Number of protein chains: 2
Amino acid sequence: MSEAVWRVLADRGFGQLTLRAVAAEMGASTGMLTHYFPAKRDLVRYAHAVAEERTLAALYRELDVTGLAALRAYLLDVLSLTPEATAMNRVWVSFWDAAIGDPELAATETARYERWRGKLRPHVVAAIEQGEIPADRDVEDIVASAAALTHGLVVQALFDPDRFPPDRQTRLIDDYLRTLTCP
Amino acid sequence: MSEAVWRVLADRGFGQLTLRAVAAEMGASTGMLTHYFPAKRDLVRYAHAVAEERTLAALYRELDVTGLAALRAYLLDVLSLTPEATAMNRVWVSFWDAAIGDPELAATETARYERWRGKLRPHVVAAIEQGEIPADRDVEDIVASAAALTHGLVVQALFDPDRFPPDRQTRLIDDYLRTLTCP
DNA sequence: ACCTCCGTACCAAACGTTTGTTATGTACCA
DNA sequence: TGGTACATAACAAACGTTTGGTACGGAGGT
């Protein structure tokens, strides 16, 4: 079930997530879907959960590094460095559109962002404690700008993969992290 | 005509840009629209042009500053600092979704990004010549990261306006520009 | 000046498709 | 016997598109 939803999501996006498309993808009927999802809204919620689960799967792995190196690892996880990551990012960008028009989805996206920043925050704190980042910098602002730069690169890479190959995306993140170290 | 299209775009987004919605917005019939736009695709193209025109209107004003200050001014133009700018950004984010599924729209978005970066580039060059940015930094990378940070802030501000009020968005851009000045 | 013709600019209505949703029926298992 | 897990089919609504028709205004002939 989650497989079928993900396949529809990955190659058509959130806007084209339709009951019949999912049903066809799993060789079933729309009646079966309405049995599990009384309304379309429920299917969208489930699809959102599926996408988030796939995202977090990569995010919750253990790291053997701390501070800036850990921050770097988490940011690279989000970039479109592999075809799978690119598909993931396409899904999330399409979700942004859906969320703009739906207050409930917008709220979940707000929460997702805060969760992501919460994941990055301790490593910024550690980087400051380890002296990798000047202590007078604001933690919350660094987290927000790191997230911003990363998602900004994601969007540009989505529309211009030739100009933003994996090694350049990585280099841009590294350049950014380097500027964090200077006072 | 362009007024009606813009109104629909602004409060429903690209995904909900429909012939009937535009027709209703200008108190006309769908037949009239198909007279001017033989196919939906043509209406979408026109809507894209309308949105771009509104964007460029703000972008092509003359500046009495150069270098980093000019770069700052252009980046601030894009941020969601006013309700109008917020509406504009909602439209463009919704356009990203439409562009993901349509190669032709994707190509126009690729071009739009390159045009935007082209607008920023000379000011980065000037900043380097004026010694505001170390000469060993890559111009193209700085332009790309500035665009990325800005659009990343736009998206976060769209879903969390409380956490990203205008003054914080501005501060985050200023912090970024400050890190550019250090070697 | 008048009439005819024709293209432009629309409207109203309908068409076929796709969408979410609902109703009815059926197999199966406890 | 009754509830769960489906399939089939139909439904109304919304969509892009097509059709048939009306109004008008300028061009050309008489």
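Computed from a predicted structure; not experimentally measured. Here is the naming used below: chain letters follow the sequence lines, and residue numbers restart at 1 for every chain. Just the heavy atoms: all of them, side chains too, but no hydrogens, waters or symmetry mates, feed the values below.
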hydrophobic_cluster_shared for [Y] and [X], side chain cutoff 4.5 Å:
{"X": "F95(B)", "Y": "L56(B)", "result": "no"}
{"X": "L75(A)", "Y": "V143(A)", "result": "yes"}
{"X": "Y113(A)", "Y": "F14(A)", "result": "no"}

Tell me, which of residues 35-47 of chain A have any heavy atom that sits under 4.0 Å from an atom in DNA chain D?
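Under 4.0 Å from DNA chain D: H35(A), Y36(A).
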
Within residues 22-32 of chain A, residues whose heavy atoms come under 4.0 Å of DNA chain D:
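Hits under 4.0 Å, by residue number: A28(A), S29(A), T30(A), G31(A), M32(A).
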
Contacts of F164(B) that satisfy ring pair (Phe, Tyr, Trp, His ring centres under 6.0 Å) - sequence neighbours left out:
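Partners of F164(B) under the ring pair (Phe, Tyr, Trp, His ring centres under 6.0 Å) test: none.
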
Closest heavy-atom contact between H123(B) and K119(B)?
ND1-O, 3.3 Å

Please name the pair of heavy atoms, one in A148(A) and one in Q156(B), separated by the smallest distance, quoted to 0.1 Å.
N-NE2, 3.2 Å

In the 5' to 3' direction, the nucleotides of DNA chain C bounding the stretch that comes under 4.0 Å of a heavy atom in chain B are dA9(C) to dA14(C)

Let me spell it out: for each of Q16(A) and T34(A), pick the nucleotide of DNA chain C with the closest heavy atom. Which residue's pick is nearer the 5' end?
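Checking each residue's closest nucleotide, the 5'-ward one belongs to Q16(A).
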
Restricting to side chain to side chain contact (heavy atoms under 4.5 Å, CB included), what partner residues turn up for [X], sequence neighbours left out?
{"X": "E129(B)", "answer": "V125(B)"}
{"X": "S29(B)", "answer": "M32(B)"}
{"X": "T110(A)", "answer": "F159(B), D160(B)"}

Sugar-phosphate, base or nothing in reach of T18(B), heavy atoms under 4.0 Å:
sugar-phosphate

Residue pairs passing the side chain to side chain donor-acceptor pair (under 3.5 Å) test where at least one lies in residues 137-147 of chain B, sequence neighbours excluded
R168(A)-D141(B), R171(A)-D141(B), R121(B)-E140(B), S145(B)-Y176(B)

Which side chain to side chain donor-acceptor pair (under 3.5 Å) pairs, counting each pair once, include a residue from residues 85-100 of chain B, with sequence neighbours left out?
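Those involving residues 85-100 of chain B are T55(B)-W92(B), S80(B)-N89(B), W96(B)-E109(B).
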
Using the C1' atoms of the five pairs at each end, what is the angle between the end axes of the helix from dA1(C)-dT30(D) to dA30(C)-dT1(D), to 10°?
10°

Within residues 4-22 of chain B or reaching into it, pairs that qualify as salt bridge (Lys or Arg N to Asp or Glu O under 4.0 Å) - sequence neighbours excluded:
E3(B)-R7(B), R7(B)-E25(B)

Taken to the nearest whole Å, CG/L19(A) to P/dA10(D) is 19 Å

If you look only at distance, which donor and acceptor atoms sit under 3.5 Å apart when one is on a side chain in residues 100-108 of chain A and the other is two or more places apart or in another chain?
| residue | atom | partner | partner atom | Å |
| --- | --- | --- | --- | --- |
| D102(A) | OD1 | E104(A) | N | 2.9 |
| D102(A) | OD1 | L105(A) | N | 3.4 |
| E104(A) | OE1 | R41(A) | NH1 | 2.6 |
| E104(A) | OE1 | R45(A) | NH1 | 3.4 |
| E104(A) | OE2 | R45(A) | NH1 | 2.2 |
| T108(A) | OG1 | L105(A) | O | 2.7 |

